[in-house]
Enquirer: 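Got a structure here, written out as structure tokens. Questions coming.
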Amino acid sequence: MQEASTSCLPIFQEIAELVENNQLKILRAFQQHRITDFHLNGSTGYGYGDEGRDKLEKVYATVFKAEKALVRAQIVSGTHALALGLMGNLQRGEELLSATGRPYDTLLKVIGIHGEDGSLRQMGINYREIPLTKEKEINLEQLGTSISPQTKIVIFQRSKGYEWRPSFSIEKLAQAIKIIKDNFPEIICMVDNCYGEFVENQEPLEVGADLIAGSLIKNPGGGLALTGGYLAGKENLINKAALRLTAPGIDLEVGSSLNFNRPAYQGLFMAPLIVGEALKGAVLAAKFFQLLGFSVLPQFDEQRTDIIQAIRLGSRELMLSFCHGLQKACPLDAYVKPEPALLPGYTDEVIMAGGTFIQGSSIELSADGPIRPPYNIYLQGGLSLAHIKTGIMLAAEEMNKTKSV
Ligand SMILES: *Cc1c(COP(=O)(O)O)cnc(C)c1O
């Protein structure tokens, strides 16, 4: 561990600079919109005139360089945010094209790969995807020629999800978006920004994307937001998504924030720091498990665009013991032993470790993965480097016991 920590010091320095840039960006947005104590309070019932809620959306819009943002407690998850963006902006006969291969598992049901009730496919919206190249990059050549007259939205996924592939940096997204915009300026470029917020100095809207969406129990909630999701982008696209969230005629005027505002503001303010800690933990885990002889993705010193660290453990037993060890390091439910389970929508059993203050929060220390060869575990989050360090040490210790049995 000592050797791993020492190797990581130059990378930690780079992360410190990233945190400073993003912290300043958020601080300025708070000041520009003159946020005051009053905005931290919430509303009940219809939530008419909830200035705290409305100002939070303005702050998000400024931070992500958007015309408008939708940030609500009523958006139940990242998947819901993405679905609002898609369903609000696609009509019967139009087509959604995925430029980054197969999307994240939960999105497949929104698309309706198997004709799910209420899915895009059932609404008469077509779906196609461009597989990644052999090198697991975006197929830029094919992207240029894949747009059909029906194509309305091209969606990109920044983070790798449960895939053993590099995540797509802002630079790579910029390249791909430019190819579309140069030839088809009217096509909507949407980015699934989950796990990507504040990992780079720029966000997707700054390089030509029209719409982004994500979850507040990941990066932008800073570990404090109690629930929620966000969308940010062009005003007309956000308005259409809002009609889906509420109802025509109601738009964004309603939606009580209850006790959502205060932790959502403070969480956004803390997000650069917390993302920095999660990044340092991911870098350390990469070096530590690489020194133990495991394949890792990305390498500790590779450029990052999300907080996910994949580690190829090579057996079911090691996946289980990794999770058992990590669970022992959690502040809540440390006495629980995670078990693999078949979850709806997945073809293989999935194991998850994490004892978090916010249920299911993956900006807090957690690990998961489908139990299938080559047995990759995906580690993410952690509110402090010290905690993540403890987590990976206990995971390794538990794995060691398994090996010696
Ligand atoms: C987490 C995530 C989502 C959304 O997941 P929720 O659990 O619904 O918040 C979508 N795409 C990617 C790449 C993700 O990591």
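Quick caveat: nothing in here was measured; it's all calculated off a predicted structure.
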Enquirer: Identify the heavy atoms of Leu231 and Ala81 that sit nearest to each other, and give their distance.
Expert: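 So the two residues come closest at CD2-O, 3.3 Å.
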Enquirer: Does any donor atom in the side chain of Arg128 or Gln150 lie under 3.5 Å from an acceptor atom in the other side chain?
Expert: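 Their side chains do not contain a donor-acceptor pair, so the 3.5 Å distance test is not met.
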Enquirer: What residues form a ring pair (Phe, Tyr, Trp, His ring centres under 6.0 Å) with Tyr265, not counting sequence neighbours?
Expert: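 Expected list: Phe30.
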Enquirer: Could you check whether atom CD of Glu186 has more than 12 heavy atoms from other residues, nucleotides or ligands sitting under 6.0 Å from it?
Expert: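 Result for CD/Glu186: enclosed.
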Enquirer: Checking Ser361 against Thr356: is there a side-chain donor and acceptor pair closer than 3.5 Å?
Expert: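 No donor-acceptor contact under 3.5 Å links the two side chains.
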Enquirer: Quick check: are there more than 12 heavy atoms from other residues, nucleotides or ligands sitting under 6.0 Å from NZ of Lys136?
Expert: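 Not buried by this count: 12 neighbours or fewer within 6.0 Å.
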Enquirer: Looking only at the side chains, is there a donor atom on one of Gln122 and Asp117 sitting less than 3.5 Å from an acceptor on the other?
Expert: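 Yes, because at least one side-chain N or O of Gln122 sits under 3.5 Å from a partner of the opposite role on Asp117.
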Enquirer: Could you name each residue pair satisfying salt bridge (charged side-chain N to carboxylate O under 4.0 Å, His left out) that touches residues 273-284, not counting sequence neighbours?
Expert: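 Listed by first then second residue: Glu277-Lys280.
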Enquirer: Under a 3.5 Å distance rule, please check whether Thr133 uses its side chain to pair with a backbone N or O of Asn139 as donor and acceptor.
Expert: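 No; judged by distance alone, with no hydrogens or angles, the pair does not exist.
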Enquirer: Does any non-hydrogen side-chain atom of Leu279 lie less than 4.5 Å from one of Val19?
Expert: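 A side-chain contact under 4.5 Å is absent here.
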Enquirer: Give the minimum heavy-atom separation between Ala271 and Pro220, together with the two atoms involved.
Expert: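 Taking Ala271 first and Pro220 second, the nearest heavy atoms are CB-O, 3.9 Å.
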Enquirer: Of all residues at least two apart in sequence or in a different chain, which pass the ring pair (Phe, Tyr, Trp, His ring centres under 6.0 Å) check with Phe198?
Expert: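 Once residues adjacent in sequence are excluded, the partners of Phe198 under the ring pair (Phe, Tyr, Trp, His ring centres under 6.0 Å) criterion are Phe64.
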Enquirer: Is there a donor in the side chain of Ser362 and an acceptor in the side chain of Tyr195, or the other way round, less than 3.5 Å apart?
Expert: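 On atom types as modelled, these side chains qualify, holding a pair under 3.5 Å.
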Enquirer: Assess whether atom CD of Gln32 is packed by more than 12 heavy atoms of other residues, nucleotides or ligands within 6.0 Å.
Expert: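 Yes, the 6.0 Å shell around CD holds more than 12 heavy atoms from other groups.
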Enquirer: Do Asn201 and Leu18 have side chains that approach each other closer than 4.5 Å (heavy atoms only, starting at C-beta)?
Expert: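 Asn201 vs Leu18: side chains touch.
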Enquirer: Give every residue pair that meets the salt bridge (charged side-chain N to carboxylate O under 4.0 Å, His left out) criterion with at least one member in residues 33-52, sequence neighbours excluded.
Expert: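 Non-adjacent pairs meeting salt bridge (charged side-chain N to carboxylate O under 4.0 Å, His left out): zero.
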Enquirer: Looking at His80 and Gln74, what are the two nearest heavy atoms and their distance?
Expert: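 For His80 and Gln74, the tightest heavy-atom pair comes out as CE1-O, 3.5 Å.
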Enquirer: With a 4.0 Å cut-off on N to O distance, would you call Glu57 and Arg72 a salt bridge?
Expert: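 So Glu57 pairs with Arg72 through a salt bridge.
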Enquirer: Among residues at least two apart in sequence or on other chains, which ones pass ring pair (Phe, Tyr, Trp, His ring centres under 6.0 Å) with Tyr48?
Expert: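 Only Tyr46 meet the ring pair (Phe, Tyr, Trp, His ring centres under 6.0 Å) criterion with Tyr48.
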Enquirer: Less than 4.0 Å between a side-chain N and a carboxylate O, is that true for Lys328 and Glu397?
Expert: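 The answer is no: the pair does not qualify as a salt bridge.
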Enquirer: May I ask you to decide if Gly354's main-chain N or O and Glu364's side chain share a donor-acceptor pair within less than 3.5 Å?
Expert: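 No; zero donor-acceptor contacts below 3.5 Å.
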Enquirer: Checking side-chain contact (heavy atoms from CB on, under 4.5 Å) for the pair Tyr162/Asp105: CA distance, chi angles, key distance, verdict?
Expert: CA-CA 8 Å; Tyr162 283 147; Asp105 291 69; 3.8 Å; yes
Enquirer: Identify the residue among Thr402, Ile371, Leu313 that makes a side chain to side chain contact (heavy atoms under 4.5 Å, CB included) with Leu320.
Expert: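 Passing option: Ile371.
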Enquirer: For the atom pair CD1 (Ile392) and CG (Leu292), what is the distance rounded to the nearest 0.5 Å?
Expert: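 With rounding to 0.5 Å, CD1 (Ile392) is 9.5 Å from CG (Leu292).
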Enquirer: Would you please name every residue forming a salt bridge (charged side-chain N to carboxylate O under 4.0 Å, His left out) with Asp348, sequence neighbours left out?
Expert: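 In terms of salt bridge (charged side-chain N to carboxylate O under 4.0 Å, His left out), with neighbours along the sequence ignored, Asp348 is linked to Arg372.
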Enquirer: Does a side-chain N-to-carboxylate-O contact under 4.0 Å join Glu163 and Arg102?
Expert: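 So Glu163 does not pair with Arg102 through a salt bridge.
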Enquirer: Arg165 side chain to Leu132 main-chain N or O, any donor-acceptor pair under 3.5 Å?
Expert: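 Looks like no, no N/O pair under 3.5 Å.
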Enquirer: Taking atom NZ of Lys25 and atom CG of Leu27, what is their separation to the nearest 0.5 Å?
Expert: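 Atom-to-atom, Lys25:NZ and Leu27:CG are 13.0 Å apart.
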Enquirer: Let me confirm one number: the CD-CG distance from Gln327 to Leu332, rounded to the nearest 0.5 Å.
Expert: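 Interatomic distance, Gln327 CD to Leu332 CG, rounded to 0.5 Å: 9.5 Å.
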Enquirer: Would you indicate whether Met270, at its atom CE, is surrounded by more than 12 heavy atoms from other residues, nucleotides or ligands within a distance under 6.0 Å?
Expert: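 Counting neighbours around CE of Met270, 12 or fewer heavy atoms of other residues, nucleotides or ligands fall under 6.0 Å, so no.
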Enquirer: When rounded to the nearest 0.5 angstrom, what is the spacing between CZ in Arg312 and OH in Tyr375?
Expert: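 Those atoms lie 12.0 Å apart.
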Enquirer: Determine whether a donor-acceptor pair (N or O, by modelled atom type, separation under 3.5 Å) exists between the side chain of Thr145 and the backbone of Gln142.
Expert: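 Here the side-chain-to-backbone pair exists.
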Enquirer: Looking at every non-hydrogen atom in both residues, tell me the closest pair between Thr151 and Ile187 and how far apart they are.
Expert: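 Minimum heavy-atom separation between Thr151 and Ile187: O-CD1, 3.2 Å.
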Enquirer: Are side-chain heavy atoms of Leu86 and Met190 found at a separation under 4.5 Å?
Expert: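 They are in side-chain contact.
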Enquirer: Do other residues, nucleotides or ligands put more than 12 heavy atoms under 6.0 Å from Glu137 CD?
Expert: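 It does: Glu137 CD has more than 12 such atoms within range.
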Enquirer: Does a donor on one side chain sit under 3.5 Å from an acceptor on the other, for Asn239 and Lys68?
Expert: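 The answer is yes; a qualifying pair exists.
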Enquirer: For residues Leu224 and Pro263, report the shortest heavy-atom separation together with the two atoms involved.
Expert: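 Closest pair (atom of Leu224, atom of Pro263, distance): O-CB, 3.3 Å.
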Enquirer: Please round to the nearest 0.5 Å and tell me the distance separating atom OG of Ser295 and atom CD1 of Ile311.
Expert: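 One gets 11.0 Å once the value is rounded to the nearest 0.5 Å.
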Enquirer: Please assess Leu216 against Tyr60 for the test side-chain contact (heavy atoms from CB on, under 4.5 Å), listing each intermediate value before the final yes or no.
Expert: CA-CA 12 Å; Leu216 263 61; Tyr60 260 75; 3.5 Å; yes
Enquirer: Say you draw a straight line from CZ of Arg244 to CG of Leu84; how long is it, rounded to the nearest 0.5 Å?
Expert: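 These two atoms lie 9.0 Å from each other.
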Enquirer: I need the minimum non-hydrogen distance between Ser7 and Phe300, along with the two atoms involved.
Expert: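 Closest heavy-atom pair between Ser7 and Phe300: O-CE1, 3.5 Å.
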Enquirer: Could you tell me whether the side chain of Leu284 reaches within less than 4.5 Å of the side chain of Ile388, counting heavy atoms only?
Expert: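 Counting from C-beta outward, Ile388 and Leu284 never come under 4.5 Å.
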Enquirer: Counting only heavy atoms not in Gln266 (residues, nucleotides, ligands), do more than 12 fall under 6.0 Å from its CD?
Expert: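 At most 12 heavy atoms, drawn from other residues, nucleotides or ligands, come within 6.0 Å of this atom.
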Enquirer: State, yes or no, whether a side-chain contact exists between Ile358 and Leu226 at a heavy-atom distance under 4.5 Å.
Expert: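 Side-chain contact under 4.5 Å: yes.
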Enquirer: Under 6.0 Å from the six-membered ring centre of Tyr104 and within 45° of its axis: does the NZ or CZ of Lys218 meet both?
Expert: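 Positive - Lys218 is close enough to the ring of Tyr104 and near enough to its axis.
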Enquirer: Let's go through Arg304 and Glu14 carefully: what are the C-alpha distance in whole Å and the side-chain angles of both, what is the deciding distance for salt bridge (Lys or Arg N to Asp or Glu O under 4.0 Å) to 0.1 Å, and is it a yes or a no?
Expert: CA-CA 11 Å; Arg304 285 170 194 261; Glu14 289 170 23; over 6 Å; no
